[in-house]
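Order of listing sets the numbers, starting from 1, for every ligand and every atom in it.
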Amino acid sequence: MSPDVYQLVVLGGGPGGYAAAFLGADLGLKTALIDVEENPGGVCLYRGCIPSKALLHVAKVLHEADAARAMGVEFGAPQIKVDAVRAWKEGVVKKLTSGVGQVAKFRKVTYVCGFGTFKDAHTLSVSLASGGTQEIRFDHAVVATGSRPATLPFFKDSARVLDSTSALDLRDVPKTMLVVGGGYIGLELGSVYASLGARVSVVEMTSGLLPGADRDLVSVLEKRVTKSFDRVMVNTKVVDAREETNGIRVTFDGAVKESTVYDKVLVSVGRKPNSSGFGLEKTKASVNERGFIEVDSQRRTHEPGIFAIGDVVGEPMLAHKASHEGRTAVEVIAGHKVAFEPAAIPAVIFTDPEIAWCGLTETQAKERNIDVAVAKFPWGASGRAMSIERTDGLTKLIIDPKSERVLGVGIVGAGAGDMISEGVLAVEMAATAADVKLTIHPHPTLSETIMEAAEVFYGQSTHVYRPRRS
Ligand code: NAD
């Protein structure tokens with residue numbers, strides 16, 4: 001059988017891979033996209049961003065119905081039909097993944113459903129989901145194989161031990177659940193289970209939730225999660241876990257020293273790159289000591305015809321970073337002079353309230369000894385926040401005091417994840433605080449808090465009195 005020949009082959013159909021393949025086709029390259037799933041989508045659409053956001057929406061509806069009591073509207077106690085919630089969430093995933101599959105067809109991207117393995121620097125062999133193998137020759141390949149959940153050695157395979165994938169399956173709601181790791185996944189999925197009625201405890205080995213994020217943003221979230229979570233244990237590590245008849249007995253060490261039994265444990269201690277097991281060693285591409293594929297600023301590996309993007313090349317492991325890298329790599333392949341050099345990659349944790357930031361954080365400025373001015377607008381002074389009963393928020397700008405350029409933006413509050421895009425644009429466009437201040441924002445909106453934070457920098461915020469800067 002003669003092999004199929006493509007100008008571009010993308011291995012891995014997540015948001016990095018399919019964005020790359022679609023642009024490849026748009027730029028006129030004969031393109032194939034390989035993934036084991038029936039449609040493109042990857043972890044993000046099938047087992048990550050999208051299903052978790054669907055479940056977080058359920059959590060939000062439950063919270064809002066409860067909060068309505070303070071506004072004079074009472075609902076009865078919610079009846080949660082776990083099977084129906086799961087079916088709705090699966091419907092969302094199906095609609096999106098089959099839609100993306102259709103878009104691949106419209107663009108004439110050949111979608112190959114199967115597991116691809118490099119045979120050499122220009123050949124992939126695909127074990128087809130339908131049986132048999134298909135050999136594909138290519139001029140250029142983009143590796144977009146993503147990542148998988150990291151594990152801890154003492155948590156053995158058990159129906160009581162969940163990772164992000166099995167937690168999103170939502171088979172039932174346990175009475176008690178321990179979340180190991182107070183990062184993105186732990187807080188998002190912990191919030192979902194808490195709102196569905198589980199008593200959730202979180203154990204985090206560092207001194208606070210979401211290490212890396214600015215503490216003033218996290219403390220707003222902490223105030224709320226300490227109400228919805230049973231217990232938050234920081235500076236504490238899990239050192240042992242054993243299955244008993246009634247649950248998993250987990251032993252802690254550090255600030256908390258005890259052993260406690262939980263119905264279920266969600267392990268969310270980070271993710272590992274998928275950089276082995278598919279023949280990469282048959283090419284000149286190399287992998288660093290942390291398992292990430294090494295690439296240059298154009299996302300080219302040490303094998304000139306092979307590029308790599310997304311989680312498999314390093315942090316931050318975020319879908320939007322992968323899509324952007326994917327498009328950059330394909331533009332390079334198509335002969336454009338471009339590189340992956342964003343000024344800001346936004347991070348969003350979709351808890352309630354959401355936390356979002358971009359560019360330089362205050363923490364990084366301190367660590368790197370960078371002189372910055374920080375202008376904060378507390379949501380208690382926002383009319384819109386008051387009218388939706390969500391004054392638990394803060395918007396801050398990290399500003400270079402000399403050039404007055406906005407170097408970073410941090411937001412905690414309802415809808416912070418949508419609002420941060422304005423911050424990313426400000427950082428990318430090298431906006432000054434004056435640019436943000438002089439941009440008329442619609443009233444009454446939460447986005448005004450960004451404009452007013454810029455006004456705070458000049459001591460001119462309408463709703464916050466601050467003595468003028470000298
Ligand atoms: P994470 O890196 O966000 O958090 C892991 C946490 O576990 C850290 O706070 C770490 O200190 C802690 N930890 C590690 N080992 C521990 C131990 N033995 N005991 C107690 N705590 C321990 O990782 P995650 O939450 O698993 O998410 C993985 C990645 O997935 C994230 O880095 C992110 O890139 C991505 N993700 C993004 C989103 C989003 O964009 N909203 C959502 C989910 C996941």
Backbone or side chain, does any N or O of T206 fall under 3.5 Å from an N or O of ligand 1?
no

Can you list the atoms of ligand 1 that are under 4.0 Å from a heavy atom of L152?
18 (N)

Option whose closest heavy atom lies nearest to atom 13 (N) of ligand 1, chosen from V269, V238, V202:
V269

Which atoms from ligand 1 have a heavy atom of V348 less than 4.0 Å away?
39 (C), 40 (O), 41 (N)

Tell me whether P316 has any N or O atom under 3.5 angstrom from an N or O of ligand 1.
no

N-O pairing of E243 and R160 below 4.0 Å
yes

Give a yes-or-no answer on whether the side chains of D311 and S147 include a donor-acceptor pair shorter than 3.5 Å.
yes

Can you list the ligand 1 atoms lying under 4.0 Å from a non-hydrogen atom of V180?
19 (N), 20 (C)

Side chains of T176 and R199 only: does a donor on one sit below 3.5 Å from an acceptor on the other?
no

T236 versus ligand 1: do any nitrogen or oxygen atoms come within less than 3.5 Å of each other?
no

With nothing but distance in play, are any N or O atoms of G270 less than 3.5 Å from an N or O of ligand 1?
yes

Contact check: F350 vs ligand 1, nitrogen or oxygen atoms, below 3.5 angstrom
no

Atoms in ligand 1 with a heavy atom of V203 nearer than 4.0 Å
20 (C), 21 (N)

Identity and separation of the nearest protein heavy atom to atom 42 (C) of ligand 1
E188 OE1, 3.5 Å

Can you give me the closest heavy-atom contact between K156 and V161, atom names plus distance?
O-CG2, 3.7 Å

Smallest separation among heavy atoms of L45 and P51, with atom names:
O-CD, 3.3 Å

Let me see the working for M177 and L162 under side-chain contact (heavy atoms from CB on, under 4.5 Å), right down to the final yes or no.
CA-CA 10 Å; M177 179 184 230; L162 309 178; 3.6 Å; yes

Starting from atom 38 (C) of ligand 1, which protein heavy atom do you reach first, and at what distance in Å?
Y184 CD2, 3.0 Å

Can you find a side-chain donor-acceptor pair between D163 and S166 that sits under 3.5 Å?
yes

Can you confirm whether the side chains of T363 and D214 place a donor and an acceptor under 3.5 Å from each other?
yes

Minimum distance, heavy atoms only, to atom 21 (N) of ligand 1: which one of K237, M205, K272 is it?
M205

In terms of its nearest heavy atom to atom 25 (O) of ligand 1, the top option of L189, I185, V239 is I185

Under 3.5 Å side-chain donor-acceptor pair for H441 and E452
no

Identity and distance of the protein heavy atom lying nearest atom 5 (C) of ligand 1:
S268 O, 3.5 Å

Between the side chains of S259 and T251, is a donor N or O closer than 3.5 angstrom to an acceptor N or O?
no

Look at atom 10 (C) of ligand 1 and find which of K321, E204, M317, E354 reaches it with the closest heavy atom.
E204

Numbered atoms of ligand 1 (with element) below 4.0 Å of R271, judged on heavy atoms
28 (C), 29 (C), 30 (O)

Closest heavy-atom pair, I34 versus G116, reported as atoms and distance to 0.1 Å, is CG2-N, 4.1 Å

For atom 4 (O) of ligand 1, what's the nearest protein heavy-atom neighbour? Residue, atom name and distance, please.
G183 CA, 3.3 Å

Kindly indicate, with the supporting measurements, whether the criterion side chain to side chain donor-acceptor pair (under 3.5 Å) is fulfilled by E258 and T260.
CA-CA 7 Å; E258 62 178 47; T260 309; 2.8 Å; yes

Would you mind listing which atoms of ligand 1 come within a distance below 4.0 Å of any non-hydrogen atom of L318?
34 (O), 37 (C), 40 (O)

Ligand-side contact atoms (ligand 1) for residue partner G181, heavy atom cut-off under 4.0 Å:
6 (C), 7 (O), 12 (C), 21 (N)

